[in-house]
**Student:** 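Below: one structure in structure tokens.
Letters A, B, ... mirror the listed sequences (proteins, then strands); counts begin at 1.
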Amino acid sequence: MIDLNVTEEPLDISSCIDWVMTPESGGIDVFIGTVRNATKGKQVLRLEFEAYQQMALSEMRKIAEQAMDKWPVHKLAIHHRTGTLQVGEVPVVIAVSAAHRAAAFEACRYTIDTLKQTVPIWKKEFFEDGEVWVAAHP
Amino acid sequence: MIDLNVTEEPLDISSCIDWVMTPESGGIDVFIGTVRNATKGKQVLRLEFEAYQQMALSEMRKIAEQAMDKWPVHKLAIHHRTGTLQVGEVPVVIAVSAAHRAAAFEACRYTIDTLKQTVPIWKKEFFEDGEVWVAAHP
Amino acid sequence: MKVKVLAFGIARDIVGGSSAEIEVTDEANVDDLKEVLVAQYPRLKQLTSFMVAVNNEYAHGEDILQQHDEVAIIPPVSGG
Amino acid sequence: MKVKVLAFGIARDIVGGSSAEIEVTDEANVDDLKEVLVAQYPRLKQLTSFMVAVNNEYAHGEDILQQHDEVAIIPPVSGG
């Protein structure tokens with residue numbers, strides 16, 4: 001089972017974990033992205049995330065289905081936040097349950113790695129002296 | 001920084017996650033062990049965990065220190081529960097924060113894999129028709 | 001024909017809005033559209049890369065555009 | 001000398017309690033203790049393996065035991 005969400009509201013890590021837990025599961029792996037206070041040594045004030053909402057959900061579903069094809073996973077949740085986030089806030093939560101931990105770890109890692117490559121969400125970093133769309137330019 | 005706990009009380013996943021979060025962190029990986037309702041196709045009623053408390057904490061500290069030597073990790077928490085656990089309850093939580101996700105994933109995986117090999121904690125499975133200390137016999 | 005093209009992230013800044021009406025030939029494909037876009041908004045060329053999505057899917061260069069397709073410029077993604 | 005040996009998990013069941021007083025020769029090492037334990041509790045031989053810990057550390061066979069060491073039988077662990 002797959003649970004996807006792209007929302008401006010703060011993400012609820014506990015509810016993602018509760019949702020993936022099943023009596024058949026022996027292990028859950030959870031990845032939580034957090035806004036770092038610096039990038040390449042430069043202080044970050046805040047981030048802004050923008051999503052192409054409908055396509056983002058569609059690409060997230062593809063990733064979740066691929067992960068469930070590749071590994072024996074029970075449930076997989078991907079929640080991504082949009083809007084303005086301060087340092088320490090959580091842009092993304094991925095939770096994966098499986099009978100055995102190897103599948104949970106590998107599917108979770110695959111999901112975040114692929115999400116960062118294919119899901120149409122964009123991050124802008126705000127510094128003291130300006131702002132930049134991450135990865136936009138070589 | 002390292003936070004270790006071996007306790008009869010239910011584990012608090014959220015407080016482990018909150019504890020490892022730092023403004024320098026960009027990613028947190030969390031592993032949550034859960035009691036499965038079956039093992040090798042046989043229904044499990046409940047588990048009992050017993051720890052050699054002092055040595056368990058000492059071995060957990062070694063693992064955490066090794067993980068922090070091997071990967072650039074900020075904070076690492078290992079909490080393990082003892083006593084009787086029902087299906088769906090949580091015997092172990094491992095949370096790891098790092099600037100980049102690869103370190104968090106790898107340190108978390110290393111920690112649970114090594115914990116299962118070296119930390120003196122024992123699990124007894126209770127079935128309809130008996131009970132067994134896991135891994136005791138070939 | 002005129003195609004409405006959505007723009008996100010840095011593409012929104014370059015296009016100067018969240019969408020633009022782009023004139024392309026009938027039977028134009030995605031590569032044709034990209035050519036028109038780059039001619040009209042040269043700063044798109046400076047991006048690491050940019051993709052086009054049609055109806056919420058990444059499109060191939062040879063995909064033919066239809067009048068009522070939902071078309072979007074997808075600059076390098078950076079979610080997570 | 002007499003050494004107090006703690007027993008956990010299945011070792012506690014085999015020993016019949018959470019600790020046992022074991023008589024070993026002075027200057028006995030960990031291998032000597034394991035021999036005495038197996039002679040006294042033959043079911044220990046059926047385990048996948050068993051280790052001995054001295055003062056909260058896994059011990060080597062040649063480690064010499066002291067009277068007041070905290071000694072423990074460590075059957076195969078299964079935490080997590």
Side-chain angles (χ1 to χ4, degrees), chain A residues 4-7 11 31-36 39 44 47-63 78-83 85 89-94 108-125 130-138, chain C residues 3-22 29-31 33-35 37-80:
Chain A
L4 307 174
N5 199 4
V6 175
T7 174
L11 303 184
F31 176 75
I32 301 157
T34 52
V35 176
R36 259 196 308 159
T39 186
V44 171
L47 294 185
E48 251 176 55
F49 285 90
E50 179 181 336
Y52 181 11
Q53 173 102 7
Q54 210 179 328
M55 182 177 170
L57 287 166
S58 150
E59 290 295 321
M60 279 158 60
R61 180 164 300 279
K62 284 183 198 166
I63 296 169
I78 311 176
H79 288 204
H80 203 299
R81 192 170 164 196
T82 54
L85 275 79
E89 290 196 287
V90 172
V92 65
V93 176
I94 296 168
C108 187
R109 180 93 185 250
Y110 173 83
T111 299
I112 182 63
D113 287 353
T114 313
L115 180 150
K116 282 175 175 271
Q117 288 164 9
T118 65
V119 173
I121 296 178
W122 298 271
K123 174 165 53 193
K124 197 186 219 177
E125 289 172 332
E131 54 196 64
V132 63
W133 286 104
V134 175
H137 293 110
Chain C
V3 180
K4 185 184 171 191
V5 177
L6 305 176
F8 295 94
I10 196 167
R12 189 164 39 72
D13 296 349
I14 292 173
V15 166
S18 61
S19 72
E21 296 277 326
I22 304 294
N29 67 20
V30 166
D31 275 342
L33 172 67
K34 287 179 86 168
E35 225 168 274
L37 284 169
V38 164
Q40 217 158 323
Y41 307 106
R43 284 172 59 209
L44 288 174
K45 262 190 299 196
Q46 294 161 18
L47 298 180
T48 309
S49 69
F50 81 95
M51 312 274 277
V52 166
V54 176
N55 300 326
N56 294 306
E57 300 279 343
Y58 286 106
H60 300 283
E62 64 275 17
D63 293 352
I64 303 294
L65 295 170
Q66 312 291 335
Q67 179 97 49
H68 298 295
D69 283 338
E70 181 171 316
V71 179
I73 307 174
I74 310 286
V77 303
S78 52

**Student:** If I measure from the heavy atoms of chain A, does Phe50(C) come under 4.5 Å with its side chain, its backbone, both, or neither?
**Tutor:** neither
**Student:** Rounded to the nearest 0.5 Å, how far does CD of Gln54(A) lie from CD of Glu70(C)?
**Tutor:** 6.0 Å
**Student:** Give the minimum heavy-atom separation between Gly9(C) and Glu50(A), together with the two atoms involved.
**Tutor:** N-OE2, 3.2 Å
**Student:** Let me know if Val134(A) has heavy atoms under 4.5 Å from chain C in its side chain, its backbone, both or neither.
**Tutor:** both
**Student:** Distance check, rounded to the nearest 0.5 Å: His137(A) atom NE2 versus Leu47(C) atom CG?
**Tutor:** 5.0 Å
**Student:** More than 12 non-hydrogen atoms from neighbouring residues, nucleotides or ligands closer than 6.0 Å to CD on Gln46(C), yes or no?
**Tutor:** yes
**Student:** Examine whether an atom of Ala56(A) lies under 4.5 Å from a heavy atom of chain C, and if so say whether it belongs to the side chain, the backbone or both; otherwise answer neither.
**Tutor:** neither
**Student:** If you check every heavy atom in residues 72-80 of chain C against those of chain A, which residues fall under 4.5 Å?
**Tutor:** Ala72(C), Ile74(C), Pro75(C), Pro76(C), Val77(C), Ser78(C), Gly79(C), Gly80(C)
**Student:** Given a strict heavy-atom distance threshold of 4.5 Å, which part of Pro120(A) is in contact with chain C: side chain, backbone, both, or neither?
**Tutor:** both
**Student:** Would you list the atom pairs, donor with acceptor, under 3.5 Å between side chains in residues 13-21 of chain C and any protein atom, with sequence neighbours excluded?
**Tutor:**
residue  : atom : partner   : partner atom : Å
Asp13(C) : OD2  : Trp133(A) : NE1          : 2.7

**Student:** Surrounding NZ of Lys62(A) (heavy atoms of other residues, nucleotides or ligands, distance under 6.0 Å), is the total greater than 12?
**Tutor:** yes
**Student:** Below 4.5 Å, heavy-atom pairs only: which of Lys124(A), Glu48(A), Glu59(A) has the largest tally toward chain C?
**Tutor:** Glu59(A)
**Student:** Heavy-atom distances under 4.5 Å only: say whether Phe49(A) touches chain C with side chain, backbone, both or neither.
**Tutor:** side chain
